[in-house]
Amino acid sequence: MNSSKTALILGANSDVAKQAIKLYIGKGYSVIAASRNLKSLDNFANENHLDKSKIEIKYFDATDFSSHQNFYDELSVKPNIVVYAAGFLVENQEALKNFDRTFEMMKTNYIGAVSILNIVATDQSNKNLERIIGLSSLSGVRGRKSNFVYGSTKSAFTQYLAGLRQELNSRKITVNVLVIGYINTKINAGLELNKNLIMEPEYVAKFIINAGNSFTIVPNWKWKIIYWILKLSPEFLVAKLP
């Protein structure tokens, strides 16, 4: 049990993050669940009968960069684990034509992450910090015609985490990235996805809770195969993928 440890989950209203909250509390952690939608998190905590002494719900807007330092400074306790789970998806054809929506995607998936995680990582006074976990996507492994705008935000986030891992290595702080495929979540609602490849949020959340020392974590063996196909295939083959 880890009754003295705290996990800070940023973007805690995502379906995967909510399952991670349950699992962290089940392992004895206290959780600071941070999101813009406080009502949704409060309802989630009540519906799942979560121990109110183990969860603190706090307002956090990934795209309001100027608020991030105050948000961090006002935390009731500095975290042992930080999970960045905020995400926003705009389909590629819309992203090509509507830059306002594209910019919102960039701010949520990448810029906001860099803003808050830089603050977390450079706080030398937090001797508790032991791990930072970012939720990325297989869309960021290779640029593909179907989703390259969204994929570029996830690719940037993954590369940022890779460098952050090197930066924090001397302080014995582990950085992990979950490179995730299709999940049965609200962000993917309405999309035509291969049902044989869809994962449930609780399944993915277990990989967050059980993250080890490896940088890249790809949940599900089917997605591991796809990950390596994307990594290793020559450009002309990647261009032919659906």
Side-chain angles (χ1 to χ4, degrees), residues 11 14-17 62 83-99 101-115 117 132-167 174-201 203-205 207-208 211-242:
S14 82
D15 295 310
V16 172
V83 179
Y84 190 89
F88 184 64
L89 171 65
V90 178
E91 290 191 68
N92 212 62
Q93 287 306 306
E94 182 182 359
L96 288 171
K97 299 172 184 176
N98 187 339
F99 185 74
R101 296 270 285 169
T102 295
F103 190 39
E104 190 73 14
M105 188 163 60
M106 293 174 177
K107 290 189 291 183
T108 305
N109 297 349
Y110 173 61
I111 305 172
V114 173
S115 172
L117 294 181
I132 295 173
I133 306 171
L135 273 57
S136 190
S137 169
L138 265 89
S139 299
V141 176
R142 293 287 289 272
R144 292 165 52 226
K145 182 172 63 176
S146 61
N147 62 2
F148 64 88
V149 182
Y150 170 75
S152 69
T153 67
K154 290 298 188 178
S155 177
F157 184 37
T158 298
Q159 294 308 313
Y160 165 77
L161 291 171
L164 187 64
R165 178 180 171 92
Q166 297 170 23
E167 173 71 19
T174 302
V175 177
N176 311 100
V177 62
L178 261 70
V179 181
I180 307 170
Y182 304 148
I183 314 174
N184 183 22
T185 63
K186 54 182 176 285
I187 197 173
N188 289 323
L191 299 181
E192 294 184 9
L193 305 176
N194 187 327
K195 293 182 179 180
N196 293 320
L197 293 173
I198 295 177
M199 300 175 287
E200 292 300 319
Y203 175 81
V204 177
F207 286 84
I208 298 174
N213 293 323
S214 297
F215 173 59
T216 303
I217 301 169
V218 185
N220 189 289
W221 65 269
K222 295 177 184 178
W223 284 109
K224 283 188 175 72
I225 293 172
I226 294 171
Y227 171 81
W228 284 111
I229 290 172
L230 289 170
K231 287 279 284 186
L232 301 176
S233 293
E235 174 63 24
F236 78 92
L237 287 180
V238 173
K240 294 180 180 180
L241 292 173

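This is a predicted model, so every value here is computed, not measured. If you read the sequence from its start, that first residue is 1, and numbering goes on from there.
Atom-to-atom distance recorded for Leu117:CG and Leu161:CG is 7.0 Å, nearest 0.5 angstrom. The line from CD1 of Ile225 to CG of Leu230 is 12.0 Å long, rounded to the nearest 0.5 Å. With values rounded to the nearest 0.5 angstrom, Tyr84 atom OH is found 15.0 Å from Ile133 atom CD1. If you take CG on Leu197 and NZ on Lys222, they are separated by 6.0 Å, rounding to the nearest 0.5 Å.
Counting only distance, with no hydrogens or angles, the side chain of Ser233 and the backbone of Ile229 share a donor-acceptor pair below 3.5 Å. Checking side-chain atoms of Ser14 against main-chain N and O of Ala86 turns up no donor-acceptor pair under 3.5 Å. Within the 3.5 Å criterion, the main-chain N or O of Leu135 finds a donor-acceptor partner in the side chain of Lys154.
Looking at Val204 and Ile180, their side chains come closer than 4.5 Å, going by heavy atoms from C-beta outward. Between Met199 and Tyr182, every side-chain heavy-atom pair lies at or beyond the 4.5 Å cut-off. At least one side-chain heavy atom of Pro201 sits less than 4.5 Å from a side-chain heavy atom of Ile183. Ile208 has its side chain within reach of Leu178: a pair of non-hydrogen atoms, C-beta onward, lies under 4.5 Å apart.
Ala17 approaches Gly11 most closely through the heavy-atom pair CB-O, 3.6 Å. Taking each heavy atom of Ser139 and Asn147 in turn, the nearest pair found is OG-ND2, 3.0 Å. Across all their heavy atoms, Ala211 and Asn176 have their closest contact at CB-OD1, 3.8 Å. Closest approach of Val179 and Val141 over heavy atoms only: CG1-CG2, 4.0 Å. Residues Val16 and Ala205 share a closest heavy-atom pair of O-CB, 3.8 Å. Between Gly212 and Thr174 the shortest heavy-atom distance is O-CG2, 3.7 Å.
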#### Entry: CA sep, side-chain torsions, deciding dist, call: Met106, Phe99, side-chain contact (heavy atoms from CB on, under 4.5 Å)
CA-CA 10 Å; Met106 293 174 177; Phe99 185 74; 4.1 Å; yes
### Task
Quick one: do Phe157 and Ser137 satisfy side-chain contact (heavy atoms from CB on, under 4.5 Å)? Show the steps, please.
CA-CA 9 Å; Phe157 184 37; Ser137 169; over 6 Å; no
### Query
Can you check side-chain contact (heavy atoms from CB on, under 4.5 Å) on Val175 and Glu167, steps first, answer last?
CA-CA 10 Å; Val175 177; Glu167 173 71 19; over 6 Å; no
### Task
Show your reasoning for whether side-chain contact (heavy atoms from CB on, under 4.5 Å) applies to Val177 and Ile217.
CA-CA 6 Å; Val177 62; Ile217 301 169; over 6 Å; no
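Listed by chain and number, the residues in a side chain to side chain contact (heavy atoms under 4.5 Å, CB included) with Leu96 are Asn92, Gln93, Phe148, Val149 (sequence neighbours excluded). Residues forming a ring-ring contact (aromatic ring centres under 6.0 Å, His included) with Phe207 (at least two apart in sequence, or on another chain): Tyr203. The ring-ring contact (aromatic ring centres under 6.0 Å, His included) check on Phe215 picks up nothing, with sequence neighbours excluded. With sequence neighbours excluded, no residue forms a salt bridge (Lys or Arg N to Asp or Glu O under 4.0 Å) with Arg165. With sequence neighbours excluded, the residues that form a salt bridge (Lys or Arg N to Asp or Glu O under 4.0 Å) with Glu94 are Arg101.
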Tabulate below the donor-acceptor pairs under 3.5 Å that side-chain atoms of residues 108-115 make, not counting sequence neighbours, or state none.
residue: Thr108; atom: OG1; partner: Glu104; partner atom: O; Å: 2.9
residue: Asn109; atom: OD1; partner: Phe88; partner atom: N; Å: 2.8
residue: Asn109; atom: ND2; partner: Phe88; partner atom: O; Å: 2.9
residue: Asn109; atom: ND2; partner: Thr153; partner atom: OG1; Å: 3.1
residue: Ser115; atom: OG; partner: His68; partner atom: ND1; Å: 2.8

